[in-house]
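Letters A, B, ... are given to chains in the order of the sequence lines, protein chains preceding strands, and every chain is numbered from 1.
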Amino acid sequence: MNQTQLSPMAKIWHVVALIPEGHVSSYGKIADLAGLPGRARYVSRALKMAPDALQLPWHRVINSQGKIAFPETSPHFIEQMQKLRSEAIEVNRGRVKLSKYEWQPDLATLVFALPF
DNA sequence: TCGATGACTGATG
DNA sequence: CCATCAGCCATCG
């Protein structure tokens, strides 16, 4: 159909929406999957701009070191940690064990789930 | 156009 | 494992 190109930001939202409950991914990885390599920082911006109505699982996105990106003192940090724990993800000092929780998307799933 | 900024990263010590 | 640092890149004033 004559669908104009999805904005880079929309692509990021689509990918984030696919992260399964109980799993996490990183800014850089989301950028890659969205076809925007090297734009990890843009992913953080896209999440900040995302409309609440989208109900994105933003809390499942952490940095490449497996840590929550917000400072430990911020309300955001607390909220993200609680949301992660609420889906059985262990978080210690803002850190998540990637070897145990990192999302491993398979190509087939992505190809059929993403509109681009 | 320039410099600062940030929910980032990978390399390095 | 932690801290630092240069590189990164869209956005903003």
Testing C/dC2, B/dT9, C/dA10 for proximity to the side chain of A/R45, the answer is C/dA10

Would you say A/K11 has more than 12 foreign heavy atoms packed within less than 6.0 Å of its NZ?
yes

How close do A/L56 and A/A50 get, counting heavy atoms only, and between which atoms?
CD1-CB, 3.8 Å

Roughly, in whole Å, what's the span from NZ in A/K48 to P in C/dA10?
16 Å

Just by distance, do the side chain of A/E102 and the backbone of A/G66 share a donor-acceptor pair under 3.5 Å?
no

Respond yes when some side-chain nitrogen or oxygen of A/S64 is under 4.0 Å from OP1 or OP2 of B/dT9, and no when none is.
yes

How close or far is atom C1' of C/dC9 from atom CD1 of A/I12, stated in whole angstroms?
12 Å

Nearest whole angstrom, please: distance from the P of B/dA7 to the OH of A/Y42.
15 Å

Linking I/L/V/M/F/W/Y whenever any side-chain heavy atoms sit under 4.5 Å apart, do A/F116 and A/F112 land together?
no

To the nearest Å, give me how far apart CD (A/E79) and C1' (B/dA7) are.
12 Å

Restricting to non-hydrogen atoms, name the atom on A/S25 and the atom on A/I19 that form the minimum distance, rounded to 0.1 Å.
CB-CD1, 4.0 Å

Distance check needed: B/dA7 C1' versus A/L84 CG, whole Å only.
13 Å

Which residue, A/L47 or A/Q65, contacts DNA chain B at a nucleotide closer to its 5' end, judged by nearest heavy atom?
A/L47

Could you point out which residue of A/P51, A/S7, A/P8 forms a side chain to side chain contact (heavy atoms under 4.5 Å, CB included) with A/W13?
A/P51

Quick one: which of C/dC1, C/dA10, B/dA7 gets closest to the side chain of A/R95?
C/dC1

Value in whole Å for how far the C1' atom of B/dA7 lies from CD1 of A/I68
11 Å

Tabulate atom names and distances for all N/O pairs under 3.5 angstrom spanning the protein and nucleotides 11-13 of chain B.
none

Mind checking the OG-CG spacing from A/S26 to A/L33? Nearest 0.5 Å is all I need.
8.5 Å

Between B/dA7 atom P and A/R41 atom CZ, what is the distance in whole Å?
9 Å

The residue among A/V24, A/I68, A/L84, A/L47 that forms side chain to side chain contact (heavy atoms under 4.5 Å, CB included) with A/H59 is A/L84

Can you check nucleotides 3-6 of chain C for protein contacts, nitrogen or oxygen pairs under 3.5 Å, and list what you find?
none

Please work out if A/S26 contacts a base, only the sugar-phosphate, or nothing of the nucleic acid, heavy-atom cut-off 4.0 Å.
sugar-phosphate

Does some side-chain heavy atom of A/I89 sit less than 4.5 Å from a side-chain heavy atom of A/V96?
yes

Show every ring-ring contact (aromatic ring centres under 6.0 Å, His included) that has at least one partner inside residues 75-108 of chain A, sequence neighbours left out.
A/F70-A/H76

Using whole Å, what does the distance between atom P of nucleotide C/dC1 and atom NZ of A/K97 come to?
9 Å

Closest approach to the side chain of A/R39, judged atom by atom: which nucleotide of C/dA10, B/dG10, B/dA7 is it?
C/dA10

Which of the following nucleotides, B/dT9, C/dC8, C/dT11, is nearest to the side chain of A/Y27?
B/dT9

